[in-house]
Amino acid sequence: MSPKSKPSAATAMSVLELPDLVLECILEKLPPEGLCRMASVCTSLRDGCVSDHLWRKHMEGKWGGIFGAAAAKEWECFIASRKELSFLNGEKLQKGVVGYLWGLIRSGLSGGGGRRRSSFTAVDSVMSKYLALESGKFWFPAQVYNRENGHVGFMLSCYDAMLSYDRKTDTFNARYPAHGARASAVESGVTWDRFRAPLVHTSPHDLHISDCLHDLHPEDHIEIQWRRNKEFPYGWWYGVIGHLETCDGNASYCRCHDSDTVVLEFRQYTPGSLWRQKFINRREHREEGNETDGFYGGIRKLRGEEEISMWKKLWPAQVLQ
């Protein structure tokens with residue numbers, strides 16, 4: 001470019017002079033760290049860069065699949081006790097996107113005033129939610145597949161836990177409910193593909209009321225609550241509806257779905273194993289079991305291929321005894 005073609009200082013356009021629509025399009029394309037850098041340029045850009053509609057896209061993109069109703073309820077309790085973000089005081093700034101976010105929030109608390117400061121420091125903003133998740137300060141409820149690093153005693157199960165994000169490793173820490181007199185178990189390094197948002201509103205200590213018992217047919221995929229004893233929380237265990245002994249499995253003649261007895265099969269265990277089959281009564285089923293075999297609770301019928309395929313991905317390399 002020749003010197004004559006260079007724009008002069010008088011004609012150069014500032015980003016603040018861009019039309020609102022153009023500036024909005026630019027901001028929408030920025031990643032979280034880009035928004036933070038832009039917000040630190042001046043107060044004129046700050047309100048736009050921390051607006052809910054921009055951060056909602058990032059929230060949905062990274063956290064939408066796991067931030068379910070239970071996590072939203074937990075977030076409401078979290079922000080209710082931190083109306084002024086006092087939990088940030090004294091924290092050492094971190095590098096990367098979280099560092100920018102911490103810095104922006106802290107500067108908003110220490111300077112400025114009036115409407116601009118108030119809108120920026122809103123603890124219930126989408127940006128604040130993103131920050132809390134990214135920083136690992138916010139523990140949210142989820143369910144973890146094959147808990148305790150795939151311990152053989154938990155294969156093809158899914159247990160409730162409280163999770164927090166570890167940005168350095170892009171994994172999660174999971175804190176499981178206490179088991180009887182035992183303290184809460186904590187597992188680190190839980191990867192994104194090993195947990196899900198809770199699919200029912202039932203507490204892990206409560207019986208889930210089944211609404212599918214009269215709709216169970218052989219080869220239907222199910223999850224059932226199971227716990228070792230009455231002091232333990234329930235976990236969800238994967239199984240398949242089997243055929244009665246009197247049925248040869250021929251679909252044309254099978255009448256197993258007309259019987260009050262339902263066969264639950266856990267095919268990850270060898271035939272003849274204590275854990276291979278369980279029989280329940282579809283008309284009277286509540287929690288049933290004993291201190292030796294554990295207690296079986298409510299049942300969920302799996303109706304989507306995505307849920308079923310997830311369990312199949314977790315299938316153990318060897319059949320369990």
Side-chain angles (χ1 to χ4, degrees), residues 28 31-32 35-36 47 49-88 91 97-98 101-102 104-105 108 118-145 147 158-167 170-178 184 186-187 190-209 211 223 225 233-236 298 300 302-304 306-307 310:
E28 286 180 349
L35 283 174
C36 294
D47 278 357
C49 291
V50 302
S51 61
D52 279 355
H53 81 276
L54 286 179
W55 284 92
R56 192 170 288 113
K57 179 188 70 172
H58 298 298
M59 184 69 194
E60 287 296 321
K62 184 165 186 177
W63 301 102
I66 59 175
F67 199 87
K73 185 175 181 180
E74 188 70 22
W75 173 248
E76 291 177 2
C77 296
F78 182 81
I79 62 175
S81 63
R82 292 162 172 81
K83 293 182 179 179
E84 300 212 359
L85 293 181
S86 59
F87 68 107
L88 296 180
E91 291 288 350
V97 60
V98 175
L101 289 165
W102 285 101
L104 283 172
I105 292 290
S118 176
S119 64
F120 178 65
T121 59
V123 69
D124 58 349
S125 68
V126 179
M127 175 183 173
S128 295
K129 187 188 301 182
Y130 189 98
L131 160 65
L133 286 163
E134 281 281 337
S135 67
K137 298 295 181 182
F138 174 55
W139 290 74
F140 61 95
Q143 293 178 334
V144 180
Y145 294 100
R147 61 174 281 181
C158 196
Y159 274 78
D160 285 79
M162 297 295 291
L163 269 64
S164 72
Y165 184 54
D166 183 344
R167 203 173 65 85
D170 192 29
T171 61
F172 295 81
N173 298 308
R175 187 173 63 227
Y176 300 101
S184 299
V186 177
E187 176 184 353
V190 177
T191 53
W192 286 83
D193 59 343
R194 281 190 53 213
F195 67 96
R196 69 186 185 189
L199 301 178
V200 298
H201 299 301
T202 310
S203 161
H205 293 280
D206 295 335
L207 177 72
H208 174 69
I209 304 304
D211 60 0
E223 294 177 7
Q225 289 177 309
Y234 285 113
W236 289 96
R300 290 183 58 244
L302 306 186
R303 303 180 186 275
E306 185 176 351
E307 281 191 279
M310 181 61 199

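All of these numbers come straight from a predicted model, not from anything done at the bench. All values below come from the heavy atoms of this structure, side chains included, with hydrogens, waters and symmetry mates left out.
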Determine, step by step, whether N173 and W139 satisfy the side chain to side chain donor-acceptor pair (under 3.5 Å) criterion, reporting the C-alpha distance in whole Å, the side-chain angles of both residues, the deciding distance to 0.1 Å, and the verdict.
-> CA-CA 9 Å; N173 298 308; W139 290 74; over 6 Å; no
E223 vs H208, side-chain contact (heavy atoms from CB on, under 4.5 Å): CA-CA, chis, key distance, verdict = CA-CA 11 Å; E223 294 177 7; H208 174 69; over 6 Å; no
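- Centroid-to-centroid, the aromatic rings of W63 and F138 stay 6.0 Å apart or farther.
- Side chain of Q225 to backbone of G298: a donor-acceptor contact under 3.5 angstrom is found.
- Taking the six-membered ring for Trp and the full ring otherwise, the centers of F172 and F195 sit less than 6.0 Å from each other.
- Under a 3.5 Å cut-off, the side chain of D52 and the backbone N or O of V126 do form a donor-acceptor pair.
- Taking OH from Y234 and CG from D160, the interatomic distance works out to 12.5 Å, rounded to the nearest 0.5 Å.
- Taken to the nearest 0.5 Å, the NZ atom of K129 stands 7.0 Å off from the CH2 atom of W75.
- The shortest non-hydrogen separation linking Y165 to L133 is CB-O, 3.3 Å.
- A salt bridge between E307 and R300 is present, with a side-chain N of the basic residue lying under 4.0 Å from a carboxylate O of the acidic one.
- In terms of heavy-atom proximity, A197 sits nearest to I66 at CB-O, 3.7 Å.
- Residue E134 holds its CD atom at 6.5 Å from CZ of R167, rounded to the nearest 0.5 Å.
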Please assess H205 against S203 for the test side chain to side chain donor-acceptor pair (under 3.5 Å), listing each intermediate value before the final yes or no.
-> CA-CA 5 Å; H205 293 280; S203 161; 5.5 Å; no
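- Rounded to the nearest 0.5 Å, atoms CD (Q143) and CG (L199) are 6.0 Å apart.
- Side-chain atoms of W55 never come within 3.5 Å of backbone atoms of P32 as a donor-acceptor pair (strictly under, hydrogens ignored).
- For the atom pair S128 OG and F78 CZ, the distance stands at 9.5 Å (nearest 0.5 Å).
- The line from OH of Y145 to CG of D193 is 10.0 Å long, rounded to the nearest 0.5 Å.
- Shown here for P198 and A142, the closest heavy-atom pair between the two residues is CD-CA, 3.8 Å.
- Heavy atoms only, all atoms of each residue included: G136 and S164 are closest at O-CB, 3.6 Å.
- What you find for L35 and L54 is that their closest heavy atoms are CD2-CD1, 4.0 Å.
- Other residues, nucleotides and ligands contribute at most 12 non-hydrogen atoms within 6.0 Å of the NZ atom of K73.
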Intermediate values then yes/no, side-chain contact (heavy atoms from CB on, under 4.5 Å), K62 and W192 | CA-CA 11 Å; K62 184 165 186 177; W192 286 83; 3.9 Å; yes
M310 and R196: CA distance, side-chain angles, deciding distance, side-chain contact (heavy atoms from CB on, under 4.5 Å) verdict = CA-CA 10 Å; M310 181 61 199; R196 69 186 185 189; over 6 Å; no
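- Heavy atoms only, all atoms of each residue included: Y130 and H58 are closest at CE1-O, 3.7 Å.
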